[in-house]
There are 2 protein chains.
Amino acid sequence: MRDLDKIDREIIRLLLENSRRPYSEIAAHVDLSAPAVRDRIDRLSELGVIRGFTLDLNTELLRGGVGVLIELAIEPGHATAVADALAALDRVEHRFVTADSTVFVHATLGSGGVSELLDSAVPVDRVRSIDVHLLSEESWSPSITDETQLSIDCVECGNTVTSEGETATIDGTEYHFCCGSCLARFEERYDRFSADA
Amino acid sequence: MRDLDKIDREIIRLLLENSRRPYSEIAAHVDLSAPAVRDRIDRLSELGVIRGFTLDLNTELLRGGVGVLIELAIEPGHATAVADALAALDRVEHRFVTADSTVFVHATLGSGGVSELLDSAVPVDRVRSIDVHLLSEESWSPSITDETQLSIDCVECGNTVTSEGETATIDGTEYHFCCGSCLARFEERYDRFSADA
DNA sequence: ATTGAAATCGGCCTAGC
DNA sequence: GCTAGGCCGATTTCAAT
C-alpha cells in the first residue's frame, strides 16, 4: 500500500480549491499527464480519502431557518448510536463526537425548533443534557497540511496499515491489511463464511 | 432581485452530490438547456450563494494530527474579531460563533498542541475560558431543503432584500438593496466618497 | 461549429520478487 | 526474468462556448 505522496497532496489541494478544475490543468501543475492525474484521483476515491466532489455553500446567504450548534451529553457507550441516528436528518450538516461522549450537531432549525429536529431521531433516555447554542456566524475552510498521511485500519486486527501493509480485492471490494498473516486469516474466515452461505 | 426557485435548488442539490457533473447532465435533470444551467450557476456564484467547488474529504482516513473542537468563551463584542483571526489558520476547518459570544473551532492539532495553534492568533486578554474537546468521530453531509430561500442584507439599511429589492452594479461590483431609495442613498454617498478621493 | 476536455487503450518503464 | 503498478501518448467520444 502506497502512502500519500507530495503529488497526491497537491492534487487534493488543487481540488479543494476548485473541484471542477480540468485534469489537464492539474496535470500541468504537478508535472504529470492528464490520465495519470485521473488515475490518482480514482485511487484516492477508491481508498475513500476523497468521498466526493461537492459545493462550498454560503449558508449565511441562505435562509432555511436558524443555525444552531446543539450539544448533547450522552450516556457513555451510546454516543456513536445517537450520532448515527442524527446523520440521517436533512437539517443536520455536521456531527462531532467527542472522546467524553458528547455529540455536537450543527444544524438548521425549521419552524418546529429543536424538538422537531431531535424528537424523532434521538432516544431520549440516553441523553443526559441538551444545550443549544444559537449561531451568528459560521465558516468553513478545508485544507490539507504537508504532514497529512493515510491512516487506514487493518480490517482484521484494527491496527494502522503502514506502507508495508497489503491490499487484496475480494469479490470486487478492496480490503487493507497491516500484514500478510492478517490477510491470510481474513481470507480463511471469508471462505468459511462463503461456504456456509 | 429574483429569489431561489425550485430549479435553482435542484441544481444546487445535484452539484452538492457531485460538483463535477457536466452541465448537460444537470440540464437533462431540470429540463433546461446546458447554457441555461450554466447561467444559473454563474448567477449563484456571483451572488455568493455558491462560494466554490470543493472536495468532501474523509478526514478519518487522513492523519495530520488529532481532531479537536475548541470552545472559546470570549469577552462580549470581541467574538467576531477572534473568529476572524482564527480563520487564517491552516489547521482550522470550521468556525462557529454563537449569539452569546462563544467561538467553537474545529481543528486538527499538530505536535505543538492547542497552544501552538492558538497562541499566535488569539488575543489572550479577550478570552475568558478555553475548553478542548477531543474528537473521536466527525461527519459532514450538506443538504438544501425545499424551504431554503435567499437571505441577502441591504447594504444601505441592513434589512433583508426581498424579491422586490433592486440590484445595481457600481464599478464592477454588484450591490443589493431592499428598495429604490436605499439604492439612491447609497449611490449618493458613493459619489461623494469617490469625489473626495 | 469549433474548441477543448474526458474516457479509453496499448505499450513502456521501474521496483520488487 | 517476471509481475504489478504507475505513467504516457494517441484516439475517439462527448461537453463547453
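Numbers restart at 1 for each chain; the letters A, B, ... are given by sequence-line order, proteins then strands.
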Select base, sugar-phosphate, or nothing to describe what Arg21(A) touches, counting heavy atoms under 4.0 Å on all strands.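 The answer is nothing, as Arg21(A) stays clear of every strand by at least 4.0 Å.
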Taking only residues two or more places apart in sequence or in another chain, which ones pass salt bridge (Lys or Arg N to Asp or Glu O under 4.0 Å) with Glu25(B)?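 Glu25(B) satisfies salt bridge (Lys or Arg N to Asp or Glu O under 4.0 Å) with Arg21(B) only.
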Return the set of residues passing salt bridge (Lys or Arg N to Asp or Glu O under 4.0 Å) with Asp146(A) (not counting sequence neighbours), or none when no residue passes.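 Salt bridge (Lys or Arg N to Asp or Glu O under 4.0 Å) list for Asp146(A), sorted by chain: Arg13(A).
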Toward the 5' end of DNA chain D, by each residue's nearest nucleotide, Ile7(A) or Ser24(B): Ile7(A)
Could you pull out every donor-acceptor pair under 3.5 Å between side chains of residues 113-124 of chain B and any protein atom, sequence neighbours left out?
none

Applying side chain to side chain contact (heavy atoms under 4.5 Å, CB included), name anything that partners Val155(A), two or more places apart in sequence or on another chain. Tyr175(A), Phe177(A), Phe186(A)
Tell me every residue that passes side chain to side chain contact (heavy atoms under 4.5 Å, CB included) with Ser181(B), counting only those two or more places apart in sequence or in another chain.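 Checked Ser181(B) against side chain to side chain contact (heavy atoms under 4.5 Å, CB included); matches are Cys179(B), Arg185(B).
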Can you pull out how bent the helix from dA1(C)-dT17(D) to dC17(C)-dG1(D) is, comparing the axes over its first five and last five pairs, to 10°?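 Roughly 10°, once rounded to the nearest ten degrees.
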Nearest-angstrom distance from the residue atom [atom1] of [X] to [atom2] of [N]:
X: Tyr23(A); N: dT8(C); atom1: OH; atom2: P; result: 11 Å
X: Asp5(A); N: dG5(D); atom1: CG; atom2: P; result: 16 Å
X: Asp8(A); N: dG5(D); atom1: CG; atom2: C1'; result: 14 Å

Using a cut-off of less than 4.0 Å, is there contact between a side-chain N or O of Arg20(A) and OP1 or OP2 of dA5(C)?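 For Arg20(A), the contact criterion (side-chain N or O under 4.0 Å from OP1 or OP2 of dA5(C)) is not met.
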With a 3.5 Å cut-off and sequence neighbours excluded, list the donor-acceptor pairs that the side chains of residues 35-47 of chain A form with protein atoms.
unit_1: Arg38(A); atom_1: NH1; unit_2: Asp42(A); atom_2: OD2; d: 3.0
unit_1: Arg40(A); atom_1: NH1; unit_2: Asp5(A); atom_2: OD1; d: 3.0
unit_1: Arg40(A); atom_1: NH1; unit_2: Asp5(A); atom_2: OD2; d: 3.2
unit_1: Arg40(A); atom_1: NH1; unit_2: Asp8(A); atom_2: OD1; d: 2.9
unit_1: Arg40(A); atom_1: NH2; unit_2: Asp5(A); atom_2: OD2; d: 3.3
unit_1: Arg43(A); atom_1: NH2; unit_2: Arg2(A); atom_2: O; d: 2.9
unit_1: Ser45(A); atom_1: OG; unit_2: Ile41(A); atom_2: O; d: 3.0

What N/O pairs connect the protein and nucleotides 14-16 of chain C at under 3.5 Å? Give each pair on its own line.
none

What verdict does the side-chain contact (heavy atoms from CB on, under 4.5 Å) test give for Leu57(B) and Ile12(A), after you've listed the backbone C-alpha separation in whole Å, the side-chain angles of each residue and the deciding distance to 0.1 Å? CA-CA 9 Å; Leu57(B) 285 184; Ile12(A) 290 175; 3.8 Å; yes
Given dA6(C), dG6(D), dA16(D), the nucleotide with the shortest approach to the side chain of Pro22(A): dA6(C)
Could you work out, with side chain to side chain donor-acceptor pair (under 3.5 Å) as the rule, every residue matching Thr145(A), not counting sequence neighbours? Thr148(A)
Checking His133(A) now: which residues fulfil ring-ring contact (aromatic ring centres under 6.0 Å, His included) with it, not counting sequence neighbours? Phe104(B)
In residues 31-54 of chain A, which residues come under 4.0 Å of DNA chain C by heavy atom? Pro35(A), Arg38(A)
Salt bridge (Lys or Arg N to Asp or Glu O under 4.0 Å) contacts in which one or both residues fall within residues 71-82 of chain A, not counting sequence neighbours: Glu75(A)-Arg128(A)
Closest non-hydrogen atom pair between Thr80(A) and Glu137(B), with its separation: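 Nearest heavy atoms, Thr80(A) then Glu137(B): OG1-OE1, 3.0 Å.
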